[in-house]
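See structure below.
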Amino acid sequence: MHIFLRIMLSLLALCASALIATAQAPTADTIRLEVGAAQVDGRVFSPHRARVIVRLGAPDGPIVADWINELSVGDSSGRAVHRWVTRGTQRPVNGASSTWEIRQTFDAHTQAPLGYQRTGSGGADVRLVINGINVTGHRKLAVQSASENVRITLDKPGFVASASDLVPLAMTLRPGMVITAPMWSPNVASTETVIFTVVGQEPRVVEGRTWNAWRVEERRARDRVLTATWFLVQESPYMVAGEVVQPDGQIRYMTEVAVP
């Protein structure tokens, strides 16, 4: 009798372990994106302007950056493109302020990056052309640095990491949805996979207005570390709030509102 009970308990333990493993495994409806995937359609974005304010450490912490995003829709040799212009100011807690401007061009439909330019009051001047996995151009990082030619072959095409929130925004979201996507930063030579988890919709107050926003969590695939939480809506300014985790563990709290 005791042997029979031990066998039954062992079988129950094995079944429980199998159920736990199944629950932790990627779900069948996980969407594994590549650049050009049919599920991404950036044509949902309309031309608009929006102001972003970034606070450090708390939602009411010191302002450490602010910028204006402006999206225009254009044409490049018969190809519909989105042109983003971002002009901002960095305001370190202990340090001098600096200004910068970023110009990015994306395929309007797929959100594939096509061009990237960054200039700054500190002397930075980066100009890149992206054609699939091929990145060419030049890069100058500061007043003292020399300009260098850039010629990179990526492992695969990637979405731009600094605009990662555009990827879920360009999709039809639903609670519990899991999305993986390759991301690329202009200062690195390879892509990194991130995981977006759509938690659901929740009220979010931004500068006096309450939005019913999608809460989307972003994690690195390699270690599952949470890197950002986005609060997204389907009209301008699209990303109404964000919480971005810094390397030192502090959080940058972002709010965004439409402006004329």
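For reference, positions follow the sequence shown, starting with 1.
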Checklist entry - With a 4.5 Å heavy-atom cut-off, do Trp211 and Leu232 have their side chains touching? => result no

Next on the checklist: Between Arg222 and Glu192 (salt bridge meaning N to carboxylate O under 4.0 Å), is one present in this structure?
Outcome noted: yes

Checklist entry - Do we see a donor-acceptor contact under 3.5 Å between the side chains of Asp66 and Thr89? => result no

Next on the checklist: Is it the case that the ring center of Trp100 lies less than 6.0 angstrom away from the ring center of Trp67?
Outcome noted: yes

Checklist entry - Does Arg204 count as lying over the ring of Phe231, i.e. NZ or CZ under 6.0 Å from the six-ring centre, within 45 degrees of the axis? => result yes

Checklist entry - More than 12 foreign heavy atoms under 6.0 Å from CG of Asn187: is that the case here? => result yes

Checklist entry - So does Gln234 have more than 12 non-hydrogen atoms from other groups sitting under 6.0 Å from CD? => result no

Next on the checklist: To check you understand the geometry: which heavy-atom pair defines the closest contact between Gln104 and Val160, and what is its length?
Outcome noted: OE1-CG1, 3.5 Å

Item to check | Value rounded to 0.5 Å, distance of CD1 in Ile152 from CD1 in Ile130 | outcome: 9.5 Å

Checklist entry - Between Asp248 and Gln250, do the side chains contain an N or O donor and an N or O acceptor separated by less than 3.5 Å? => result yes

Item to check | For the student: nearest non-hydrogen atoms of Ala213 and Val240, plus distance | outcome: CB-CG2, 4.3 Å

Next on the checklist: Within the structure provided, determine whether Arg32 and Thr30 are in side-chain contact (heavy-atom separation under 4.5 Å).
Outcome noted: yes

Checklist outcome for this item: NE2 of His82 to OG of Ser46, rounded to nearest 0.5 Å, is 8.0 Å

Checklist entry - How long is the gap from CH2 on Trp84 to OH on Tyr116, to the nearest 0.5 Å? => result 15.0 Å

Checklist entry - If you measure from CG on Leu114 to CG on Leu128, what distance do you get to the nearest 0.5 Å? => result 12.5 Å

Checklist entry - Do Leu154 and Val135 have side chains that get closer than 4.5 Å, going by heavy atoms? => result yes

Item to check | Ser164 side chain to Glu218 side chain, donor-acceptor N/O pair below 3.5 angstrom | outcome: yes

Checklist outcome for this item: For Ile195 and Val178, the nearest pair of non-hydrogen atoms, with its separation, is CG2-CG1, 3.8 Å

Checklist outcome for this item: Tightest non-hydrogen contact, residues Leu173 and Pro168, listed as CD2-O, 3.4 Å

Checklist outcome for this item: When every non-hydrogen atom of Val206 is compared with those of Ala241, the smallest separation belongs to CG2-CB, 4.4 Å

Item to check | Candidate pair Val233 and Trp214, rule side chain to side chain contact (heavy atoms under 4.5 Å, CB included), full reasoning | outcome: CA-CA 6 Å; Val233 297; Trp214 288 101; over 6 Å; no

Next on the checklist: I need the single residue from Glu101, Arg127, Arg103 that forms a side chain to side chain donor-acceptor pair (under 3.5 Å) with Gln117. Which is it?
Outcome noted: Arg127

Next on the checklist: Let's go through His138 and Asp125 carefully: what are the C-alpha distance in whole Å and the side-chain angles of both, what is the deciding distance for side chain to side chain contact (heavy atoms under 4.5 Å, CB included) to 0.1 Å, and is it a yes or a no?
Outcome noted: CA-CA 8 Å; His138 75 265; Asp125 187 357; 4.0 Å; yes

Next on the checklist: Using salt bridge (Lys or Arg N to Asp or Glu O under 4.0 Å), reason through Arg219 and Glu217 one step at a time and then give a plain yes or no.
Outcome noted: CA-CA 7 Å; Arg219 289 176 168 81; Glu217 296 178 348; 2.9 Å; yes

Checklist entry - Is Arg51 paired with Glu70 through a side-chain N to carboxylate O contact shorter than 4.0 Å? => result no

Item to check | Val35: side chain to side chain contact (heavy atoms under 4.5 Å, CB included) partners, not counting sequence neighbours | outcome: Ala112, Pro157, Phe159

Item to check | Main-chain N/O of Thr197 paired with Arg215 side-chain donor or acceptor, under 3.5 Å | outcome: no

Item to check | Any side-chain donor near an acceptor of the partner, Thr86 and Asn69, under 3.5 Å | outcome: yes

Checklist entry - Between Thr193 and Met183, is any pair of side-chain heavy atoms under 4.5 Å apart? => result no

Checklist entry - Stepwise, does the salt bridge (Lys or Arg N to Asp or Glu O under 4.0 Å) test hold for Lys156 with Glu34? => result CA-CA 9 Å; Lys156 65 170 67 176; Glu34 301 292 345; 3.4 Å; yes

Item to check | Side-chain (Arg252) to main-chain (Val54) donor-acceptor, under 3.5 angstrom | outcome: no

Item to check | Expected output: side-chain Ser147 to main-chain Lys140 donor-acceptor under 3.5 Å | outcome: no

Item to check | Asp165 CG to Tyr238 OH distance, which is reported to the nearest 0.5 Å | outcome: 12.5 Å

Checklist entry - Short question: side chain of Arg91, backbone of Val64 - any donor-acceptor pair under 3.5 Å? => result no

Item to check | Asp223, CG atom: more than 12 neighbouring heavy atoms under 6.0 Å | outcome: yes

Next on the checklist: Tell me which one of Arg43, Arg79, Arg83 satisfies salt bridge (Lys or Arg N to Asp or Glu O under 4.0 Å) with Asp107.
Outcome noted: Arg79

Checklist outcome for this item: In terms of heavy-atom contacts, Ser77 and Asp75 come closest through N-OD1, 3.6 Å

Checklist entry - Does the pair Asp155 and Ile133 meet the rule for a side chain to side chain contact (heavy atoms under 4.5 Å, CB included), with working shown? => result CA-CA 7 Å; Asp155 54 320; Ile133 62 172; over 6 Å; no

Next on the checklist: I'd like to know whether Glu202 forms a side chain to side chain contact (heavy atoms under 4.5 Å, CB included) with Asn212, so could you lay out the CA-CA distance, the side-chain angles of the two residues, the decisive distance to 0.1 Å, and finally the verdict.
Outcome noted: CA-CA 5 Å; Glu202 61 183 67; Asn212 188 29; 5.6 Å; no

Item to check | CD on Glu207 to CD1 on Ile53, rounded to 0.5 Å | outcome: 5.0 Å

